[in-house]
Amino acid sequence: MFLDCGTALLGWFDQHKRDLPWRRSSDPYGIWVSEIMLQQTRVAAVLEHYSRWMGSFPTVAALAAAEEAEVLALWSGLGYYRRARMLHRAARVLVAEHAGCLPRTSAALRELPGIGAYTAAAVASIAFGEPVAVVDGNVERVVARLLGLPAGAGADRLRAIRAGAQALVSPARPGDSNQAIMELGATVCLPRAPLCLGCPVQPWCRTRGEHPTIARKPLTPRAIAYTLATDTGGRVLLRQRPAEASLMAGMWELPELPAAPPGARVLLRFRHAITVTNYAVSIVALGGATELPGGDAAAGTAERWVPVDELPRLPLTGLARKALRRLGLWPPASVSGSG
DNA sequence: GATCCGTGGGG
DNA sequence: TCCCCAAGGAT
C-alpha cells in the first residue's frame, strides 16, 4: 500500500513540481540555505531573499567571511533572525572544522547550529540521497490524513506519522519523495480546504476531505510608539536593538518612545503583528511636545543618524521598514528603480 | 511538553 | 479590515 502510494506521489511530483531556484542546483550549500529560509516561511517570501543571498554569499566560505551585520541586512524582512545568526555560525564551524564542506549524513548535520531533525533529514536526503524521511508541518498533516489519525498531539501519534512518512520514501529518490509530500501539503492537501479531487494519493487516504484544525491562541494587543526624527541633511535617526534582546536582537529601528506624548503630532498609525503580540503602532514627529528619552533609557544601544540612501545596508526590522515605506523614505530614491 | 522567535501575502 | 498563516529550532 505504502509502496504504491509513494510511487503515485513521485509521479505526481514529476508532473506538478514548482520551478524553484534551489531545485535547479545540487549544491548542498544552496539546498541548506533554502531549507533554513523556508522554516516557517512561505515560498513567495523566500524567493527574492534567496537569490540576493546566493549572489552575496555564494559559498560556505563567503558566508563565513562575512560580518554579522551584512548577514542580518540580507535576512532583513524574513523574520526569525536567530536563523541567520545560526546559519552564519554554522558556516564558520564548517570552515574551521570541515574544510568548508557540509557533512553528508543527517546525524552529522544535526550537530550544526540551527539544524534540527527536519533540516538534517531534508539536506541529507535532497543533497546526498540519504533515505530518511522529513517530518514537517506538511508531512504531519498529510500522513495523519492518509492514516485517518485525528488532529492532536502526542508522542504515539508522532511515532505513527514518522513511520508512515518513512514508508513513503523511495530508496532510489529520497529527496524527491520528501519534496513531493511537502509539495502535496503545500498545494493540494491544504490545512483548511484540501483539494481532494486533484489529489494523487486519494485512493490510499482514509480521511478524504475531513480536515479538523486546531485553533490558535489569540494575539495580545499592545500599543507602541516610535518617533521619526530627520535632519536637514536627509538623515533619519535610528537605534540598534541590544545584542541580547530576545526579539530582533541587533536589528535597527526608529527610536521607541515610552508612550505617545499627549498632543504629539501623529504621522502614521498601523498594525503590525510580531509572534504573539498585535502592535498598534504610532509614529510621531519629533519636536514640540515630543522629546526623545535621553541618557540611561538608551544605555547600551547604539544610535545613529543614517543617510536615507544607506538604509538598505542596515539590518532594519520589518516593522521599521514598513513605517519608513509608508513615510516615503523606503526604498531610497537612489535604489527605488533598481529593485 | 510548552513557549518563544517575524513577516508579507492571501482569503 | 481582519484573520490565518508557513518546508522548525532552541531552551
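Since this is a predicted model, take the numbers as computed values, not measurements. All chains are named by letter (A, B, ...) in the order of the sequence lines, taking the proteins before the strands, and each is independently numbered beginning at 1.
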Do the side chain of [X] and the base of [N] come within less than 3.5 angstrom through a donor-acceptor pair of N or O atoms?
X        : N      : value
Thr41(A) : dG6(B) : yes
Tyr80(A) : dG6(B) : yes
Arg42(A) : dC5(C) : yes

Please confirm whether the ring centroid of His16(A) lies under 6.0 Å from the ring centroid of Trp12(A).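 Yes, close enough.
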At under 4.0 Å between heavy atoms, what does [X] touch on the DNA or RNA strands: base, sugar-phosphate, or nothing?
X         : answer
Arg18(A)  : base
Leu78(A)  : base
Ile274(A) : base
Ala273(A) : base
Met248(A) : sugar-phosphate
Arg23(A)  : base
Ser34(A)  : nothing

Between [N] ([atom2]) and [X] ([atom1]): distance, integer Å:
X         : N      : atom1 : atom2 : result
Glu140(A) : dA6(C) : CD    : P     : 13 Å
Arg159(A) : dG1(B) : CZ    : P     : 9 Å
Lys322(A) : dG8(B) : NZ    : P     : 6 Å
Arg82(A)  : dC4(B) : CZ    : P     : 12 Å
Met37(A)  : dT7(B) : CE    : P     : 15 Å
Arg271(A) : dT7(B) : CZ    : P     : 14 Å
Tyr81(A)  : dG8(C) : OH    : C1'   : 17 Å
Arg141(A) : dC5(C) : CZ    : C1'   : 11 Å

5' priority, DNA chain C, between Val43(A) and Ile115(A) [closest heavy atom]: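 The 5'-side residue here is Val43(A).
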Between Gly114(A) and Gly185(A), who's closer to the 5' end of DNA chain C by nearest nucleotide?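 Between the two, 5'-proximity favours Gly185(A).
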Nucleotide nearest [X] (side chain, heavy atoms from C-beta), chosen from [options]:
X         : options                : result
Arg192(A) : dG8(C), dC5(C), dG8(B) : dC5(C)
Ala155(A) : dG1(B), dG8(C), dC2(C) : dG1(B)
Tyr118(A) : dG9(C), dC2(C), dT7(B) : dG9(C)

Sticking with atom P, work out how far dG6(B) lies from dC3(C), rounded to a whole angstrom.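 Here dG6(B) and dC3(C) have their P atoms 23 Å from each other.
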Heavy-atom side-chain contact between Arg241(A) and Leu247(A) under 4.5 Å: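 Side chain of Arg241(A) against side chain of Leu247(A), heavy atoms only: contact under 4.5 Å found.
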Check whether any side-chain heavy atom of Met182(A) lies under 4.5 Å from a side-chain heavy atom of Leu38(A), and answer yes or no.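 No - every pair of side-chain heavy atoms lies 4.5 Å or more apart.
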Does [X] make a side-chain N or O approach to OP1 or OP2 of [N] shorter than 4.0 Å?
X         : N      : answer
Arg321(A) : dG8(B) : yes
His272(A) : dG6(B) : no
Thr275(A) : dC4(B) : no

Between Asn278(A) and Leu219(A) (side chain of the first, backbone of the second, donor and acceptor by atom type, cut-off under 3.5 Å), is there such a pair?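 No, because the side chain of Asn278(A) does not come within donor-acceptor range (under 3.5 Å) of the backbone of Leu219(A).
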On DNA chain B, compare the nucleotides closest to Ala249(A) and Gly154(A); which residue's is nearer the 5' end?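 Closest to the 5' end, via its nearest nucleotide, is Gly154(A).
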Looking only at the side chains, is there a donor atom on one of Tyr118(A) and Glu35(A) sitting less than 3.5 Å from an acceptor on the other?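 Glu35(A) and Tyr118(A) do have a side-chain donor-acceptor pair below 3.5 Å.
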Under a plain distance cut-off of 3.5 Å, with no hydrogens placed, do Arg18(A) and Thr187(A) share a side-chain donor-acceptor pair?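 No, Arg18(A) and Thr187(A) have no side-chain donor paired with an acceptor closer than 3.5 Å.
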To the nearest 0.5 angstrom, please state how far the OG atom of Ser177(A) sits from the CG atom of Leu10(A).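 Ser177(A) atom OG to Leu10(A) atom CG measures 4.0 Å (nearest 0.5 Å).
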